[in-house]
Amino acid sequence: MELSSSLLGTLIILAMCSSCAGTSVSLELPGSSSSQFPDGFLFGTASSSYQFEGAILEDGKGLSNWDTFTHGTGNILDGSNGDIAVDHYHLYQEDIDLMENLGTNSFRFSISWARILPKGRFGNLNMAGIDHYSKVIDALLAKGIQPFAALTHYDVPQELEERYGAWLSPKIRKDFEYYADICFKYFGNRVKYWATFNEPNVMAIRGYRSGIYPPSRCSGSFGNCTKGNSIKDPLVAAHNMILSHAAAVNIYRNVYQKEQGGSIGIIMNSIWYEPYSNSAEDKLAAERAQSFFLNWFLDPILHGSYPKEMRHVLGSLLPEFSKEDLKKMRRGLDFIGINHYTSFYSKDCIYSKCKSGAPGVSRAEGLALRTPIRDGIYIGEPTAVDWIYVYPQGMENVVTFIKDRCNNTPMFISENGLGIVEKPSSSITDFLNDVKRVEYMSTYLESLANATRKGADVRGYFAWSLLDNFEWLDGYTVRFGLHHVDFATLKRTPRLSADWYKEYIFNHKRHASSA
Ligand code: GBH
């Protein structure tokens, strides 16, 4: 409460003072003091193709797994889909103007694989799709906004799902390599930040263990599916994702990187796991949870093997890397993208008994109960989004954890933000007044600054999201935008958080250049 009124006070001062830029206003906002972030730090907003673009069948685009999934009945809370989404495909110039107004110097987006290759490598290259992204990239650069592109953000051409089961088949590696090659070839002269995947850990877990995302595979008590194996399939899918990442990195390193001078990495969803108690068992449980979620991908990519906690618990269930694979994996990555929103407690289930079926307790998940609550008290304030608890300290902790474990590989906070739900009673003015989001972002950025002050090599921060958009299973009911979108008219309106972020960036930049 206290924080929100002081933030609002500051914003009022800022609003009154927008004509006096250059005079020094001393701000009490957390995270606004000098030199917390290095020169060249990217301040951006993030998006993804399926959630933003719409234009489902325009200009030769093929269908993706998410097009197919959202058109199945009962999959999406409000029965909606991304056919139109927020029509960013057509309105991208207007959206880039919003970015310019915010003062962001980077934009994270993803390329729709099916827009470029409607049938994967089994069909033609869709030049209209190439032209589209080329125009977007040029329009960004014209405003001094660095494009930061992901090759996939949960989406894959439906053709590949149908031909061979997409990520379950090693054949996907060839397809991904083929697709990545095309993207580097056409866009790499202008795109200097490449992410192979957005959240492959979430893709593997939700697509193949709980089955709540396409291709809707799961088994037993893990979910309600007609096909799949919740224990084996996520491991196999992840294995193919890791080797697909390696294939793309190899192409980039061998053919393009020297000439184009960009960097390539992967974006992971990250949760901070706080041990439930001080016991040695719970501390190990928190490490196990981290290994089964994050190190699952980072360890093989950086060190060539699955984390030891996974090897101990899963043994021969884990797929193996051949000598050939290991050779291909040696090229690692240049940066780690971290999507961070939330923290949980982690409680041991090896030495103590846990309720079967609860999150995290199965052997496949690492025998560590994941819970937001301890002795009746939440780890952080619950929010309108059922998996986000406001625990800013988790940001510093997870960044420091990755720094220590990954030899301070350059990092980007590739997503951070808060979802809100529109109440039928709320007026548009109320709804633009997203104080909770401002509190959330400012405290998380402050925590991030603590990590960078202590030496973490973080090179950018991206707010999720520029606009309200299609929030996966929640459809259009949960809104993450710095800008409100009226989904009927597609009109964009800046929220309080947009004004706040703009000032935050402005202050940071001014301090950085005068430091
Ligand atoms: C990100 O996902 C996405 O990249 C973005 O597209 C999305 O719009 C945004 O966040 C907001 O949701 O059940 O084991 O996967 C984050 C999705 C959902 C990831 C909850 C972590 C809990 C762990 N998150 N999930 S698990």
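One is the number of the first residue; the rest follow in order along the sequence. First listed ligand is number 1; within each ligand, the first listed atom is number 1.
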Handout entry: Between S110 and S49: side-chain donor-acceptor atoms closer than 3.5 Å
Key = yes

Problem - Pair listing, salt bridge (Lys or Arg N to Asp or Glu O under 4.0 Å) test, anchored in residues 471-481, at least two apart - result: E422-R479, D468-R479

Problem - Under the disulfide (SG to SG under 2.5 Å) test, residues paired with C183 that sit two or more places apart - result: none

Practice task
Would you kindly say whether H484 and D434 are connected by a side-chain donor-acceptor distance under 3.5 Å?
Solution key: no

Problem - Residue list, disulfide (SG to SG under 2.5 Å) with C354, at least two apart or on another chain - result: C349

Using a cut-off of under 3.5 Å, which N/O atoms of ligand 1 pair up with protein N/O atoms, and what distance separates each pair?
unit_1, atom_1, unit_2, atom_2, d
ligand 1, 2 (O), Y154, OH, 3.3
ligand 1, 2 (O), E199, OE1, 3.0
ligand 1, 2 (O), E199, OE2, 3.3
ligand 1, 4 (O), H153, NE2, 3.2
ligand 1, 4 (O), N198, ND2, 3.1
ligand 1, 4 (O), E199, OE1, 3.4
ligand 1, 4 (O), E415, OE1, 3.2
ligand 1, 4 (O), E415, OE2, 2.8
ligand 1, 6 (O), Q51, OE1, 2.7
ligand 1, 6 (O), H153, NE2, 2.8
ligand 1, 6 (O), W472, NE1, 2.9
ligand 1, 8 (O), Q51, NE2, 2.9
ligand 1, 8 (O), W464, NE1, 3.2
ligand 1, 8 (O), E471, OE1, 2.7
ligand 1, 10 (O), Y341, OH, 3.2
ligand 1, 10 (O), E415, OE1, 3.1
ligand 1, 12 (O), E471, OE2, 2.5
ligand 1, 13 (O), R206, NE, 3.2
ligand 1, 13 (O), R206, NH2, 3.2
ligand 1, 15 (O), R206, NE, 3.3

Exercise for the section: Evaluate the side-chain proximity of T68 to N65: yes if any heavy-atom separation is below 4.5 Å, no if none is. Expected result: no

